[in-house]
Amino acid sequence: IDRMHRQKDNGTLWLNRSEFDKIKHVKLKQFLSGEFVKYFDINLSDVNQVKEFEWEIKGKHYNKFKNMKPRQHISSEQYQCIVNSRDRMGFHLQCSAKYSDESQKIAIFLYLDSLPINIEKV
């Protein structure tokens, strides 16, 4: 709880609203959004909201993706994330169907194309 308060005070406390909305237990959800935040004096408007982005590989791009050799990749479009009223962060993703000849795992890379000068960490 002390760590959560420090994060709130430092502006580093985050809430993933879409994950919170998935909570099916009604009383737990009510507690977390009501009594819990009141008891610990947390104003939800002061908590940073996680911004989610989704990139779906489908159709002809998916067929091409499935047949790629290790370390070949496809790239997403560039996304823009609005950081605050005047700053934006640009990024794109690259995905390889096979990371290497030895590993059949998929590899996903995040590239930060542009960051506002006042951003200290991501």
Side-chain angles (χ1 to χ4, degrees):
I1 301 301
D2 289 337
R3 180 177 173 215
M4 186 175 65
H5 275 287
R6 282 192 308 275
Q7 288 175 323
K8 179 185 75 106
D9 293 341
N10 295 333
T12 58
L13 183 62
W14 290 84
L15 172 67
N16 187 330
R17 177 61 68 184
S18 66
E19 289 299 316
F20 180 81
D21 291 343
K22 291 178 186 175
I23 297 174
K24 295 190 185 336
H25 193 277
V26 175
K27 291 200 184 269
L28 175 61
K29 199 171 194 174
Q30 288 172 340
F31 171 74
L32 290 173
S33 61
E35 295 172 40
F36 181 82
V37 293
K38 285 179 189 169
Y39 181 80
F40 291 106
D41 192 29
I42 298 171
N43 184 347
L44 289 179
S45 64
D46 295 335
V47 177
N48 297 305
Q49 300 290 314
V50 171
K51 297 174 179 86
E52 293 185 1
F53 292 84
E54 186 174 303
W55 173 38
E56 186 175 357
I57 303 169
K58 58 185 176 182
K60 66 180 181 179
H61 299 290
Y62 180 70
N63 291 330
K64 178 183 172 186
F65 174 72
K66 286 190 316 185
N67 296 316
M68 287 182 164
K69 294 180 177 160
R71 298 209 175 135
Q72 288 183 319
H73 65 268
I74 60 174
S75 296
S76 73
E77 62 188 90
Q78 186 181 46
Y79 294 98
Q80 291 287 319
C81 175
I82 298 171
V83 178
N84 56 42
S85 62
R86 66 178 198 279
D87 295 322
R88 296 176 188 267
M89 177 178 74
F91 67 95
H92 73 277
L93 304 166
Q94 283 185 347
C95 188
S96 298
K98 298 178 188 95
Y99 180 69
S100 68
D101 289 321
E102 297 80 32
S103 174
Q104 296 298 308
K105 294 182 179 180
I106 293 173
I108 299 174
F109 299 93
L110 170 66
Y111 290 89
L112 300 173
D113 301 318
S114 62
L115 286 175
I117 58 173
N118 62 337
I119 296 292
E120 296 176 8
K121 54 186 166 182
V122 177

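Here the structure is a predicted model, which means the values were calculated and not measured.
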Quick check against the 3.5 Å criterion: does Ser96 have a side-chain atom that pairs as donor or acceptor with the backbone of Gln72? yes

Non-neighbouring partners of Asp101 that pass side-chain contact (heavy atoms from CB on, under 4.5 Å), sequence neighbours left out: Pro70

Hey, what's the ring geometry for Phe53 with Phe91, parallel, tilted or perpendicular (30° and 60° as the breaks)? perpendicular

If I take atom CD from residue Glu77 and atom CG from residue Leu93, how far apart are they, to the nearest 0.5 angstrom? 9.5 Å

State the NE2-SG distance between His73 and Cys95, to the nearest 0.5 angstrom. 10.0 Å

For Ile108, look at atom CD1 and say whether over 12 heavy atoms of other residues, nucleotides or ligands are found less than 6.0 Å away. no

Inter-residue atom distance Ser18.OG - Lys51.NZ, 0.5 Å rounding: 13.0 Å

As an exercise, state the distance from OG of Ser76 to CZ of Phe109, rounded to the nearest 0.5 Å. 13.5 Å

Using the test side-chain contact (heavy atoms from CB on, under 4.5 Å), find all partners of Asp87 that sit at least two apart in sequence or belong to another chain. Val83, Asn84, Pro116, Asn118

Could you check Cys81 against Arg88 for side chain to side chain contact (heavy atoms under 4.5 Å, CB included), going step by step and ending with a plain yes or no? CA-CA 6 Å; Cys81 175; Arg88 296 176 188 267; over 6 Å; no

Does anything in residues 12-32 pair up under salt bridge (charged side-chain N to carboxylate O under 4.0 Å, His left out), and if so which pairs, sequence neighbours excluded? Glu19-Lys22

Which heavy atom of Trp55 sits nearest to which heavy atom of Ile74, and what is that distance? CH2-O, 3.6 Å

Would you say the side-chain atoms of Gln7 and Thr12 include a donor-acceptor pair closer than 3.5 Å? no

Test side chain to side chain donor-acceptor pair (under 3.5 Å) applied to Ser103 - qualifying residues, sequence neighbours left out: none

In terms of heavy-atom contacts, His92 and Gln78 come closest through CB-CA, 4.1 Å

Using the rule that two of Ile, Leu, Val, Met, Phe, Trp, Tyr join whenever any of their side-chain heavy atoms come within less than 4.5 Å, decide whether Tyr79 and Leu110 are in one cluster. yes

Whether Ser114 side chain and Met89 backbone form a donor-acceptor pair below 3.5 Å: no

In a table with atom names and distances, give each donor-acceptor pair under 3.5 Å that connects a side chain of residues 56-65 to protein atoms at least two apart or in another chain.
none

For Gln49 and Asn16, does a side-chain donor sit closer than 3.5 Å to a side-chain acceptor? no

So which residues get pulled into Val50's cluster when ILVMFWY side chains under 4.5 Å apart are joined, directly or through others? Trp14

Quick check on Tyr99: does its OH atom have over 12 non-hydrogen neighbours (other residues, nucleotides or ligands) under 6.0 Å away? no

CG-CD distance between Asp113 and Gln80, expressed to the nearest 0.5 angstrom: 8.5 Å

